[in-house]
Amino acid sequence: MSTPSTPPATPPATPPTATTATDDAPPFRYTAKLAGELEGKWQARWAADETFRVPNPGQPGFDASRPKFYCLDMFPYPSGAGLHVGHPEGYTATDIICRYKRMAGFNVLHPMGWDAFGLPAEQYAIATGVHPSITTKDAINNFRRQLQRFGFCYDWSREVGTIDPGYYKWTQWAFVKLYDAWFDAAAGKARPISELAAAFEAGQHPARFNPQAAEISDTDKARELGVWSTLDAATRRGVINSYRLAYQGTTTVNWCPKLGTVLANDEVIDGRSERGGHPVLRKPLKQWMFRITAYAQRLLDQLEPLAWPESTKTIQREWIGKSEGAEIEFRVGLSGQTQVALTVFTTRPDTIFGATYMVVAPEHPLVEAVLASPGARTDAAKVIAYVREARNASDVERQESKEKTGVDLGVDAINPATGKPIPVWVADYVLMGYGTGAIMAVPAHDERDYEFAKAFVLPVVEVVRDPAPPAKPPACFAGDGLAMNSVGPDLDINTLPTQQAKAKVIDWLAQTGRGKRRINYKLRDWTFSRQRYWGEPFPIVFDEAGNHYPVSPAALPVLLPQLADYAPIESDDPQPLLAKAGPWVRTTAGEAGVDPVLLAPSTPVTRECNTMPGSAGSSWYFLRFCDPANSAAMIDPQAERYWMAGGVDLYLGGAEHAVGHLLYSRFWTSALADLGVLSTAEPFGKLFHQGMITSSAYQRADKTIIATDLVHEASEGRFVERATGETVTPIVTKMSKRFKNVVNPDEVMEQFGADTFRLYEMAMGPLEASKPWNTKDIIGPFRFLQRLWRSCVDEATGTLRVGEQPPTEALSRLLHKTIAGVTADINAIALHTGISKLIELNNELTREVASAGAAPRAVVEVMVRLLAPYAPHMAEELWQKLNQRGLIADAPWPIHDPAMLVESTVEVPVQVLGKIKARINVPAGADAATTEAMALAEPAVRAAIAGKPIKKVIVVPGKMVNILTG
RNA sequence: GCCGCUGUAGCUCAGUGGUAGAGCGCAUCCUUGGUAAGGCUGAGGUCGUGGGUUCAAAUCCCACCAGCGGCUCCA
């Protein structure tokens, strides 16, 4: 027997009169209009109450008894086009998780900010003259408005933007911190540069250039410098600089003339810029670089325990690209008696007896040495022509053909193992940027060397035997095996397995001074200069001799100067745009804020005119969210220790940042932790990638994609291009303005409301999968919300329609099953299956409403809380109607009763010879004998057995019975 | 070429050895003062293909096919 509920405590002020559907709809049906009203109402309430503001330790209202949960979204670049439907996918997921965590009793840090430096605003400025800060701020305001429309539970009091001077002050500060630091290989961590200088002074550290420095030549590295105090100032400065984590190096960079800037390797795809697809050239340029390579091993080791997708960890490992092997020195004879050393890196020192020739990269210094002092066979003209052509080739051209090309340098090296001469070639399949830029070629056991040897008819000597050769042995065996043909004057590794052979060769190399064990990494130092305007200025000035000095922390930030125009400087050589700001560029040490101890205040200096790349501000923003307004420090240590303990608890964003942003952030965090700024070296304890939301488009026969508005459906399922009449194939692909298949979230919310939008995007499929947007499917989640609303609310009066009667046993069981399921699903980030469970619960509830006349209050009070993370606005409204105090956002998360999950009887299928013949209901927990007896008593089973002898009966209690007959 | 992921109803996806499921779509009927709607009922599946293991395979193993993503001369 149900009792009518009391009227709601707070009836809506004005009943909705119209709907998008019809004017005849009941006044309190859940329509887009009603949804919009509820959503506005609750968003205003959350904002007014500062519901989602979370205090730091030590601040009023901080509850130390609650565990912390730091949930971070990758902050967006606020483009002028506004949000697309891909943004809210991840943001909705984290919002659901954060709302659940709040209800489950956590202190939740869930911030949002803006990655706002970047090229698009600057290109707009070039075209229109509008300052990038204006367009960027407009875009930010639009993004914020759109995000707030979704009802996300961000703590907006913590909002930061990388373009705020109060923010980039600390980006610059971090740069100086790394500039004033070196990596102590012995300690395995970064230390202040002053400690290195002191160690040099005290003679505790040998006075020499950093042997790991990429920017220092081998000859400088080999120099014995002697006693530190006897060195001249320039040498000492050069030595110190070679250790700094931020240094100036002249490297071949990816110069994009069209964008007027240098790009990082991960910003270049197939020789073209990731942004815009413009051609990229390789040019030598003096750049600020970060010595991230010093951290290669740390970045590998620290990666292991992280709760990241295994695929992303693999990508990072491969990007760092550790390979273990040996460095081997070969003597090369030039003209006359001249000999030079040629050092190679190899992972297969065990194949040294099979090294029948050598190859150097076109950029290798040996090429110049040979041309200066040619051998008897040297064809200088041919070498020069080849090297010139190879050097001028862009990356695209080099990759176009894998045909092996090369030229004999006409000189010989001595294979140290055999003592025999082998020719030295130059070829572009050897890359200057990897290892030493030179290889010993072992054509019998390396595919590339084999192809080259085949093309130029060079000898192939087998030195490794495949212990288990396949039926069709390949021409070239690159695996591990047993050494053969490997005896020389003073080394014999015959019959040794590859691993042992490697060890023995390395020992021999070390003993005879011809080489040593070496670990090589693919990872390169991080190019940190850009020649653009809209980025952080470097806190660096140069004296007239070109020496660099940091701006002292007290003088930060170095503000961006105003420019009259933002067009790139027309020049064959890369030129930074800030060079246009003459009066800003030419200043004095005192005005720039250089420490007077370093440089007298009156000294004329010029400022660094490059700016930092977009990845500067994003390498540490997760730290600033912990303490966004601090003007005295990058981050308060207490706040950092609290929120960053174990790293961010959940970091959600696209997989496209697997190596760029995620690696850079790890490097900054590790280095800043080494230097005592942070307590945690790894920024992101748990990482999750959401999939891309795709959309439909059409593809021509030649695989090009055509915009949706240029196609029509000629007949059922057949699509043709209007202009040509050519048949096109419907496909799913990423959303793009070009394909005219972009969905605007504002319009969707206008039609259905934010709760429906959130539900739809989550119900599309697993968060990590890429999923096509189907506008016609949105009605599904909308109807679910409508039905749920109707289960609880009288559509004619808007009053609650719940009864105080106890729920039926079945509904009660389902309710507890749903609590357990939804909770487990949220914890597992399986948000789509959680929605299904809520739909099923509501379906059962609808049946109960139909029979009893009202929904049991006990069920509704739980169901609404389960709904709250997904559809927070409707949940708040129903919570209020249920006459509950306070916000549902602060309500406790329901806990299920495990006893209610135990079924009293279970249905068990009975198979005869593996085919299901009947289903029987047995008491839960019935043993095998009972189950078997019940199965054999079932008439349909007896019929299937048909009197045949029973050979065996398999019973899995509670699961199934299988009867095998003879 | 290498690595990874995916392949289940028309569509999008759950289901990790033991009864093939959900939402949307589709069909039938009901309601026609809830109607760009609600409800009832239903159809629809060689679980990519082939082999193997097992009493039993969508699920485990092997091979192959297709699609998607990443890397790509890394010595």
Side-chain angles (χ1 to χ4, degrees), chain A residues 19-22 24-26 29 31 269-270 309-312 314-315 318-319 321-323 325 344-348 351 359 361 398-399 401-404 427-431 433-442 445-449 451-452 478 520-523 655-656 658-659 691-692 694 717 731-733 759-760 763-766 768-774 776-781 783-784 786-787 790 795-796 825 830 832-833 835-837 839-840 843 846 850 906-916 918-920 951-956 958-964:
Chain A
T19 71
T20 53
T22 166
D24 298 334
R29 162 159 295 188
T31 58
I269 293 159
D270 290 339
E310 204 47 51
S311 57
T312 305
T314 302
I315 291 171
E318 288 176 355
W319 186 264
K322 179 178 184 174
S323 56
V344 303
F345 172 71
T346 177
T347 55
R348 292 297 300 271
T351 62
V359 184
R398 272 207 197 185
Q399 282 168 18
S401 163
K402 293 206 174 170
E403 289 288 299
K404 294 284 182 290
D428 68 358
Y429 83 91
V430 171
L431 308 174
Y434 187 75
T436 61
I439 61 158
M440 64 174 204
V442 184
H445 305 289
D446 182 284
E447 296 273 356
R448 298 150 300 179
D449 297 344
E451 280 173 32
F452 191 81
N520 201 56
Y521 299 92
K522 274 199 281 187
L523 182 70
E656 65 274 18
V659 287
M692 196 179 8
T694 52
I731 56 158
V732 234
T733 187
L759 222 46
Y760 170 67
M764 286 171 81
E768 66 273 23
S770 108
K771 301 156 291 249
W773 180 276
N774 258 321
K776 67 180 173 61
D777 286 349
I778 303 170
I779 192 75
R783 284 181 189 149
F784 160 59
Q786 209 170 50
R787 287 195 300 266
R790 190 161 44 235
E795 292 186 320
D825 284 346
H832 57 309
T833 50
I835 295 173
S836 310
K837 292 180 173 76
I839 293 174
E840 285 169 23
N843 287 347
T846 307
V906 288
E907 196 184 62
V908 169
V910 182
Q911 303 172 349
V912 175
L913 286 171
K915 300 265 189 270
I916 291 163
R919 279 145 208 203
I920 56 173
K951 265 188 9 194
K952 191 175 177 187
V953 179
I954 296 140
V955 182
V956 182
K959 290 286 191 181
M960 55 70 67
V961 177
N962 191 4
I963 297 160
L964 306 179

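Residue numbering restarts at 1 for every chain, and letters A, B, ... go by the order of the sequence lines.
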Open item on the list: Between B:G25 and B:G1, how far apart are the two C1' atoms, rounded to whole Å?
Closed with: 42 Å
Open item on the list: Please give the distance between the P atoms of B:A63 and B:U72 as a whole number of Å.
Closed with: 27 Å
TODO: Quote, to the nearest angstrom, the P distance that separates B:G21 from B:C47.
DONE: 14 Å
Open item on the list: My understanding is that a pair needs two contacts under 3.5 Å, Watson-Crick or G-U wobble. By that rule, which nucleotide pairs with B:G25?
Closed with: none
Open item on the list: Applying the Watson-Crick and G-U wobble criteria at under 3.5 Å, what pairs with B:C73? Answer none if nothing qualifies.
Closed with: none
- [ ] Scan A:G321 against the nucleic acid and name what it touches under 4.0 Å (heavy atoms): base, sugar-phosphate only, or nothing.
- [x] nothing
Open item on the list: Strictly distance-based, threshold 3.5 Å: is any side-chain N or O of A:K837 a donor or acceptor partner for the main-chain N or O of A:D825?
Closed with: no
Open item on the list: Checking contacts here: which listed nucleotide (B:C55, B:A75, B:C13) is nearest the side-chain heavy atoms of A:H832?
Closed with: B:C13
- [ ] Quote, to the nearest angstrom, the C1' distance that separates B:U54 from B:A75.
- [x] 47 Å
Open item on the list: Just the rounded figure in Å: distance from P of B:C73 to NZ of A:K404.
Closed with: 10 Å
Task: Atom-pair distance (CG on A:L523; P on B:C71), nearest Å - done: 15 Å
- [ ] For A:R787 and for A:A763, find the nucleotide of RNA chain B with the closest heavy atom, then tell me which residue's nucleotide is more 5'.
- [x] A:A763
Task: Gap in Å between the two C1' atoms, one belonging to B:A57 and one to B:C11, rounded - done: 27 Å
- [ ] Mind checking A:E447 for me? I need base, sugar-phosphate or nothing, with any heavy atom below 4.0 Å counting as a touch.
- [x] nothing
TODO: Output yes when a side-chain donor or acceptor of A:N520 lies under 3.5 Å from a complementary backbone atom of A:S323, and no otherwise.
DONE: no
Open item on the list: Please report the distance separating the P of B:G48 from the corresponding atom of B:U12, rounded so that it comes out in whole Å.
Closed with: 15 Å
TODO: Looking only at side-chain atoms of A:Q911, point me to the closest of B:G18, B:G23, B:A75.
DONE: B:G18
Task: Side-chain heavy atoms of A:H832 within contact of A:I835, under 4.5 Å - done: no
Open item on the list: Using a 4.0 Å heavy-atom cut-off, does A:R790 contact any base of the nucleic acid, only the sugar-phosphate backbone, or nothing at all?
Closed with: base
Open item on the list: Using a 4.0 Å heavy-atom cut-off, does A:K952 contact any base of the nucleic acid, only the sugar-phosphate backbone, or nothing at all?
Closed with: nothing
- [ ] Nearest whole angstrom, please: distance from the C1' of B:U59 to the CE of A:M960.
- [x] 15 Å
Open item on the list: Distance check needed: B:C11 P versus A:W773 CH2, whole Å only.
Closed with: 21 Å
Open item on the list: Checking base pairs now: Watson-Crick or wobble, both atom distances under 3.5 Å. What partners B:G4?
Closed with: B:C68
- [ ] For A:M440 and for A:V908, locate the closest nucleotide of RNA chain B by heavy-atom distance; then report the residue assigned to the nucleotide nearer the 5' terminus.
- [x] A:V908
TODO: Give the nucleotide from the list B:C24, B:G4, B:A14 with an atom nearest to the side chain of A:S311.
DONE: B:G4
Open item on the list: For A:A478, is there any backbone N or O sitting under 3.5 Å from a side-chain donor or acceptor partner on A:R348?
Closed with: yes
- [ ] Check A:D449 against A:I439 and note the closest heavy-atom contact, atom names and distance.
- [x] OD1-CD1, 3.4 Å
Task: Given B:A14, B:G23, B:C73, the nucleotide with the shortest approach to the side chain of A:D428 - done: B:C73
Open item on the list: For B:A75 and A:S323 - does any side-chain N or O of the residue sit under 4.0 Å from the phosphate oxygens OP1/OP2?
Closed with: yes
Task: Closest contact, heavy atoms only, A:M440 versus A:T351 - done: CE-OG1, 3.8 Å
Open item on the list: Quick check for you: among B:A75, B:A22, B:G4, whose closest atom lies nearest to any side-chain atom of A:S836?
Closed with: B:A22
TODO: Please state the C1' separation for the pair B:U41 and B:C30 - nearest whole angstrom.
DONE: 10 Å
- [ ] Look through every strand shown and name the nucleotide pairing with B:G34 as Watson-Crick or G-U wobble, where both distances are under 3.5 Å.
- [x] none
- [ ] Round to the nearest Å and state the distance from A:I954 atom CD1 to B:C55 atom C1'.
- [x] 3 Å
- [ ] Taking only the side-chain heavy atoms of A:E840 (C-beta and beyond), determine which of B:A75, B:A22, B:G18 contains the nearest atom.
- [x] B:A22
Task: A:Y760 and A:W773 aromatic centres sub-6.0 Å - done: yes
Open item on the list: Under a 3.5 Å cut-off for both contacts, is B:A63 paired Watson-Crick or G-U wobble with anything, and if yes, with which nucleotide?
Closed with: B:U49
- [ ] Using the six-membered ring of A:Y429, assess whether NZ or CZ of A:K404 lies under 6.0 Å from its centre and within 45 degrees of the ring axis.
- [x] yes
Open item on the list: Tell me if the side-chain of A:K951 makes a donor-acceptor pair with the base of B:C55, cut-off 3.5 Å, by modelled atom types.
Closed with: no
TODO: Rounded to whole angstrom, note down the C1' distance from B:U28 over to B:A66.
DONE: 38 Å
- [ ] Give a yes/no answer on whether the side chain of A:R783 brings an N or O atom under 4.0 Å of OP1 or OP2 in B:G38.
- [x] yes
Task: A:Q786 CD - B:A36 P separation (whole Å) - done: 12 Å
- [ ] Rounded off to whole Å, could you give me the CD1-to-C1' distance for the A:I839 and B:G23 pair?
- [x] 6 Å
Open item on the list: Of the listed nucleotides (B:C55, B:C73, B:G39), which one gets closest to any side-chain atom of A:N962?
Closed with: B:C55
Task: Whole-Å gap separating P (B:A14) and NZ (A:K771) - done: 9 Å
